[in-house]
Structure formats: structure tokens, C-alpha cells
**Q** 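Dropping the structure in here first, questions after.
None of the values given here were measured: they were computed from a predicted structure.
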Amino acid sequence: MRAALVTALALMFFAGAASPQDALVLGDGRHRFTWDPTWPAGAPAGEIGNTHGDILALPDGRVLVNTDTESAVLILDGKGERVGAWGAQFASGIHGMTLGRRGGQPVLWLAHTLGHQAVQTTLDGEVLARLGPPEASGLYGNADAYRPTAVALGADGRLFVADGYGTSWIHLYDSERNYVRSFGGPGEAPENLATPHGLLVHVVDGRPALIVADRENGRLVVFDMEGRFVRVLAEGLRRPCGVKVSRDGVLAVPELAGRVTLLDGEGTVLTHLGENPDPAKWAAHGVPPEQWSPGAFTAPHGLAWDGRGNLMVMDWNRFGRVSRLLRQAPEEAAATEASLPTQVP
């Protein structure tokens, strides 16, 4: 309730803003963000092309954005200026990205949905390895049934691939890319999945674990690093598409039904961000730029934390929409809290 009030007041304040210093503030408590209307500077509203995939912030400040165009991986600098792109061979197919290392050098693992494979590339797009349907699993009589949506890496190099748009199984490989096992599988039971859309390797209950954004079951599910079910971390989410963790341990979940939710490590909701007041725009792919509202998402599909704790959010949108939220420093958040009314006027 409090978070919704903050968003509503911020939207009204923004609408009447008279100077660049005025700010649209989203969030609650110590988790407040300022909407950045200047970002991305080099990718104007409606000119990016269909955004359906993920966002990845690199340590050097660059930002990678998936689009369903020949710029399957669009490269932005810290200001949001376009500085490059690649991936014509992956057009209409890259759905997720994760950062790894090979021979001491940074590499990417991409979920190539329409290519029915996971692909390892350099940061410039040179293909290093491909990983198709796991025949050893016995789950695929037809390779077209394999439609991966996400890849995650363990510290020891083990690889998880989520067949989110296919069979709802997750496949585990060792560091040499040898198939180990499959787990999850379709269903509503706690250990089963319905569109495992995003993956994150993170410490849960003091141990490394895999967190799965189980989209159509509306929850986050935890498995251990061998693929054994541990527990449900959070329920009642609105079609969660992924999960990313900040440096201070805050989990951010893009929910396709019109908002981003922040959680602590125990799955407790900290705040909601950018909740769209119009349910007709939730998970709506065709919302045109003239109907976008500052501070309100339509269909959050991917997001990334940068090194400063800012959030970049991708809406699933055929025109192409990405946004940035600047995290307020603790003292700013406290000042914002103190200035808010205690009840709706």
C-alpha cells in the first residue's frame, strides 16, 4: 500500500514538474529509486526494435540489451548511447545472457531460443561453442521442442540451461559441458516448473543454489547445485521472468504483469517498483510509445543491476523499451521518506 502510494504521488508530481531538478521517485523505505528520463540517450523510445530478452551490465560500464532484430545484442555505454551491436545470425532468438570466463577472458553464454541451443561467444559476438538439445536426457525426439530461455553458471563452471519455452525442464552440465541430469519438469508441485523463464546462481541458506523464476506458477523456486529441490523462496508473483541480485543482496524480479518487485534473501517483499495502474497494459506487447508513462512499466521481461546499484529494466515491447532507475543513497531515501504524507490526502 505504501509503495503504491509512493508511485502514485511520484507520477502526479512528475506530471506537474516545472524543472529538471524535479524527480519521479519509486520504491519504499530504504529502497528508493529516481526515474531517469534521459536514459537511454542513444536509443530513443520506439526506435530500438522489439525488446524480448534480457539486459546485462558489464563491469566496464557498458550495457548489453537483447532485441529481436539484427542487433540481437545492442551495446550501450553508461549514458545509454549506442556504441555497437552484433548478432544478425541470432535475430529474433536471443532470450537471455550471462557472463562467464574462458581462459581468463570474459565470455557470454546466450540462450538462443529459436536456434534451439545455448551459445558461448566473446563479448564481440564471436561464437566459441554451441550446446544443442541434450540427447542423453531422452526428452527430445524433436530438436524443435527445445526452446531455451536462460543460462546460469556455477563458480566451478557447471552450466544450467532452462528450457523455458519448451519442456519446462532444466538441464545441468559439468564444467566440460558434459550432460549430467535434468530436473524440474512441467507441473504445479513445488519441485515442478511451468515456464522456468530465468535463472540465478546465488547463496541461499548459506549455500550456493539455483533460483528459478517459475513464471507461470508465479514463484521463485530454489534447487541445490545438483538440481535437487530445496524450497519455494517466494510465491504470489505476477509472472516472474527472471531474478538478479545487487551487490548488497537485494533480489530484483521483473514481473511480466506490469511491475518489478524487490525481495530480501529470504524472499520477503521489500517494495514494488513501477507498478502500472492500468491492468490492460500488463504483459501487453503492443503498447505504443505515446502510451508509455514515466514510472510505470508495462511488461518487465529482463533487468540488470549496475555497479552503482541502479536498475535497468526491459519491457517486452514490439517498439523497444528500456528504462533506468537511479538508486538513491541512504540519506536521500531517508529524506524522501520523511517528506511523504502519512496518508492519502
**Q** Is a side-chain N or O of Asn276 found less than 3.5 angstrom from the main chain of Trp282, in a donor-acceptor match?
**A**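 No; judged by distance alone, with no hydrogens or angles, the pair does not exist.
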**Q** Do Arg321 and Met314 come close enough that some side-chain heavy atom pair is under 4.5 Å?
**A**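 Heavy-atom side-chain distance check fails, nothing below 4.5 Å.
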**Q** Answer yes or no: is there a side-chain heavy-atom contact under 4.5 Å between Val127 and Gln120?
**A**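 In short, these two side chains do not touch, never coming nearer than 4.5 Å.
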**Q** If you measure from CG on Leu200 to CG on Leu251, what distance do you get to the nearest 0.5 Å?
**A**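 Separation between the atoms: 7.0 Å.
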**Q** How many angstroms lie between CH2 in Trp35 and OG in Ser323, if you round to the nearest 0.5 Å?
**A**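 Reported value, rounded in 0.5 Å steps: 3.5 Å.
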**Q** Where do Thr149 and His95 land on the side-chain hydrogen bond (donor to acceptor under 3.5 Å, both in side chains) test, with the steps shown first?
**A** CA-CA 6 Å; Thr149 53; His95 188 274; 4.7 Å; no
**Q** Is there a donor-acceptor pair under 3.5 Å between the side chain of Trp305 and the backbone N or O of Met312?
**A**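 No: the side chain of Trp305 does not pair with the backbone of Met312.
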**Q** Please step through side chain to side chain contact (heavy atoms under 4.5 Å, CB included) for the pair Gln328 and Leu326, ending with a clear verdict.
**A** CA-CA 6 Å; Gln328 291 191 348; Leu326 302 174; over 6 Å; no
**Q** With a 4.5 Å heavy-atom cut-off, do Pro254 and Phe297 have their side chains touching?
**A**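 They are not in contact (no side-chain heavy atoms under 4.5 Å apart), so the answer is no.
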**Q** Just wondering, do Val253 and Leu263 contact through their side chains at under 4.5 Å, heavy atoms?
**A**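 SC-SC contact between Leu263 and Val253 confirmed.
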**Q** Less than 4.5 Å apart, side chain to side chain, heavy atoms only: is that true for Asp306 and Val63?
**A**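 Side chain of Asp306 against side chain of Val63, heavy atoms only: no contact under 4.5 Å found.
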**Q** Would you kindly confirm whether Leu99 and Met97 end up in one hydrophobic cluster when ILVMFWY residues are joined by side chain heavy atoms under 4.5 Å apart?
**A**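 Result: yes, single cluster for both.
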**Q** Quick check, are the ring centers of His301 and His197 under 6.0 angstrom apart?
**A**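 Judged by ring-centre distance (under 6.0 Å), His301 and His197 do meet the cut-off.
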**Q** Checking side-chain hydrogen bond (donor to acceptor under 3.5 Å, both in side chains) against His112, which of Gln117, Gln89, Arg130 comes through?
**A**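 Checked Gln117, Gln89, Arg130 against His112; only one passes side-chain hydrogen bond (donor to acceptor under 3.5 Å, both in side chains): Gln117.
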**Q** Tell me the closest heavy-atom pair linking Asp264 and Glu266, and the distance in Å.
**A**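 Where Asp264 meets Glu266 most closely, the heavy atoms are OD1-N, 2.9 Å.
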**Q** Mind checking whether Leu270 and Leu26 sit in one hydrophobic cluster, side chains of I, L, V, M, F, W, Y counted as touching below 4.5 Å?
**A**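 Yes, Leu270 and Leu26 fall within the same hydrophobic cluster.
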**Q** More than 12 non-hydrogen atoms from neighbouring residues, nucleotides or ligands closer than 6.0 Å to CD on Glu70, yes or no?
**A**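 At most 12 heavy atoms, drawn from other residues, nucleotides or ligands, come within 6.0 Å of this atom.
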**Q** Hey, does the side chain of Thr298 reach the backbone of Lys281 with a donor-acceptor pair shorter than 3.5 angstrom?
**A**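 It does not hold such a pair.
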**Q** Tell me the closest heavy-atom pair linking Thr51 and Asp315, and the distance in Å.
**A**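 Closest pair (atom of Thr51, atom of Asp315, distance): OG1-O, 2.7 Å.
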**Q** Can you tell me if His272 and Thr261 form a side-chain donor-acceptor pair at under 3.5 Å?
**A**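 Yes, a side-chain donor-acceptor pair sits under 3.5 Å.
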**Q** I would like to know whether Ile170 and Leu193 meet side chain to side chain contact (heavy atoms under 4.5 Å, CB included); could you show each step before the answer?
**A** CA-CA 9 Å; Ile170 296 175; Leu193 304 165; 3.7 Å; yes
**Q** At what distance, to the nearest 0.5 angstrom, does CG of Leu74 lie from OG1 of Thr69?
**A**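 Going from CG on Leu74 over to OG1 on Thr69, the span is 7.5 Å.
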**Q** Quick test of your reading: applying salt bridge (charged side-chain N to carboxylate O under 4.0 Å, His left out), list the pairs with at least one residue in residues 100-125, sequence neighbours left out, ordered by first then second residue.
**A**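 Qualifying pairs, neighbours excluded: none.
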**Q** Looking at CG of Asp68 and CD1 of Ile48, how far apart are the two atoms once the value is rounded to the nearest 0.5 Å?
**A**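 Spacing of CG (Asp68) from CD1 (Ile48) equals 12.5 Å.
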**Q** Within the distance-only criterion (no hydrogens, no angle test), does the side chain of Arg32 pair as donor or acceptor with the backbone N or O of Gly29 below 3.5 angstrom?
**A**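 Yes, Arg32 side chain to Gly29 backbone: donor-acceptor pair under 3.5 Å.
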**Q** Between Arg158 and Asp174, is there a side-chain N and carboxylate O pair less than 4.0 Å apart?
**A**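 Here Arg158 does not pair with Asp174 in a salt bridge, since their nearest N and O are not under 4.0 Å apart.
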**Q** Quick one: does Ser175's side chain have a donor or acceptor within less than 3.5 Å of a partner on Gly157's backbone?
**A**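 Not a single qualifying donor-acceptor pair exists.
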**Q** Where is the tightest heavy-atom contact between Val287 and Asn317, given as atom of each residue plus distance?
**A**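 Of all heavy-atom pairs spanning Val287 and Asn317, the closest is O-ND2, 2.8 Å.
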**Q** Is a donor on one side and an acceptor on the other found under 3.5 Å between the side chain of Asn217 and the backbone of Gly187?
**A**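 Confirmed, Asn217 side chain pairs with Gly187 backbone.
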**Q** Please give me the minimum heavy-atom distance between Ala136 and Tyr179, naming the atom from each residue.
**A**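 Reported closest heavy-atom pair: CB-CD2, 3.5 Å.
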**Q** I would like to know whether Thr34 and Leu325 meet side chain to side chain contact (heavy atoms under 4.5 Å, CB included); could you show each step before the answer?
**A** CA-CA 5 Å; Thr34 302; Leu325 308 182; over 6 Å; no
**Q** For Ala194, does its backbone N or O pair with a side-chain atom of Asp214 as donor and acceptor, under 3.5 Å?
**A**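 Flag set: sc Asp214 to bb Ala194 pair under 3.5 Å.
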**Q** Which heavy-atom pair separates Pro240 from Gly218 by the least distance, and what is that distance?
**A**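 For Pro240 and Gly218, the tightest heavy-atom pair comes out as CD-CA, 3.7 Å.
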**Q** State, yes or no, whether a side-chain contact exists between Leu56 and Leu108 at a heavy-atom distance under 4.5 Å.
**A**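 Contact flag for Leu56/Leu108 side chains = yes.
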**Q** Ile94, Val107: one ILVMFWY side-chain cluster at the under-4.5 Å cut-off?
**A**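 No, separate clusters.
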**Q** Step by step, would you call Ser71 with Arg82 a side-chain hydrogen bond (donor to acceptor under 3.5 Å, both in side chains)?
**A** CA-CA 11 Å; Ser71 299; Arg82 178 175 176 147; 3.0 Å; yes
**Q** Report yes or no: do Phe33 and Leu303 belong to one cluster of Ile/Leu/Val/Met/Phe/Trp/Tyr joined by side chain heavy-atom distances under 4.5 Å?
**A**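 Looking at the clustering, Leu303 is in the same group as Phe33.
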**Q** Identify whether the distance between the nearest side-chain nitrogen and carboxylate oxygen of Glu255 and Arg215 falls below 4.0 Å.
**A**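 Salt bridge flag = no for Arg215 with Glu255.
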**Q** Would you mind reporting whether Leu159 and Leu172 have side-chain heavy atoms less than 4.5 Å apart?
**A**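 Side-chain contact under 4.5 Å: no.
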**Q** Quick one: pull up CZ in Arg327 and NE2 in His31 and give me the separation to the nearest 0.5 Å.
**A**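 Nearest 0.5 Å value for the CZ-NE2 distance: 6.0 Å.
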**Q** Show, in sequence, the C-alpha distance, side-chain angles and deciding distance for Asp224 and Phe229, and conclude whether the side chain to side chain contact (heavy atoms under 4.5 Å, CB included) test is met.
**A** CA-CA 7 Å; Asp224 70 16; Phe229 172 75; over 6 Å; no
**Q** What do the steps show when you test Phe160 against Trp169 for ring-ring contact (aromatic ring centres under 6.0 Å, His included), and what is the final call?
**A** CA-CA 10 Å; Phe160 299 92; Trp169 289 89; over 10 Å; no
**Q** Using only atom types and a distance under 3.5 Å, with no angle test, would you say the side chain of Arg231 pairs donor to acceptor with the backbone of Val222?
**A**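 Judged by distance alone, no pair lies under 3.5 Å.
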**Q** Any carboxylate oxygen within less than 4.0 angstrom of a Lys/Arg side-chain nitrogen, looking at Asp60 and Arg62?
**A**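 Between Arg62 and Asp60 there is a salt bridge, with a charged N closer than 4.0 Å to a carboxylate O.
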**Q** Answer with yes or no whether the hydrophobic clustering places Met225 together with Val232; edges join I, L, V, M, F, W, Y residues whose side-chain heavy atoms lie under 4.5 Å apart.
**A**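 Yes: a chain of side-chain contacts under 4.5 Å links Met225 to Val232.
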**Q** So among Leu311, Asp54, Ile211, Val250, which one has a side-chain contact (heavy atoms from CB on, under 4.5 Å) with Lys244?
**A**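 Testing Lys244 for a side-chain contact (heavy atoms from CB on, under 4.5 Å) against Leu311, Asp54, Ile211, Val250 leaves exactly one candidate, Asp54.
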**Q** Looking at Leu210 and Ala152, what are the two nearest heavy atoms and their distance?
**A**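 Distance-wise, the nearest heavy atoms are CD1-CB, 4.1 Å.
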**Q** Does atom CD (Glu188) have a neighbourhood of more than 12 heavy atoms from anything else shown, all under 6.0 Å?
**A**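 Open.
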**Q** Compute the centroid of each ring, for His116 and then for Tyr165, and state whether the two points are separated by less than 6.0 Å.
**A**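 Centroid distance His116-Tyr165: not below 6.0 Å, so no.
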**Q** Between Val313 and Val322, is there a side-chain heavy-atom distance shorter than 4.5 Å?
**A**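 Result no, sub-4.5 Å side-chain heavy-atom pair not found.
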**Q** Is there a donor-acceptor pair under 3.5 Å between the side chain of Trp109 and the backbone N or O of Leu153?
**A**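 Checked: no pair found.
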**Q** Going by atom types only, do Asp163 and Tyr140 share a side-chain donor-acceptor pair under 3.5 Å?
**A**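 Yes, a side-chain donor-acceptor pair sits under 3.5 Å.
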**Q** Which distance, rounded to the nearest 0.5 Å, do you find between the CG of Leu199 and the OG1 of Thr98?
**A**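 Reported value, rounded in 0.5 Å steps: 9.0 Å.
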**Q** Can you check whether Pro148's main-chain N or O pairs, donor with acceptor, with Thr113's side chain at less than 3.5 Å?
**A**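 Yes: the side chain of Thr113 pairs with the backbone of Pro148.
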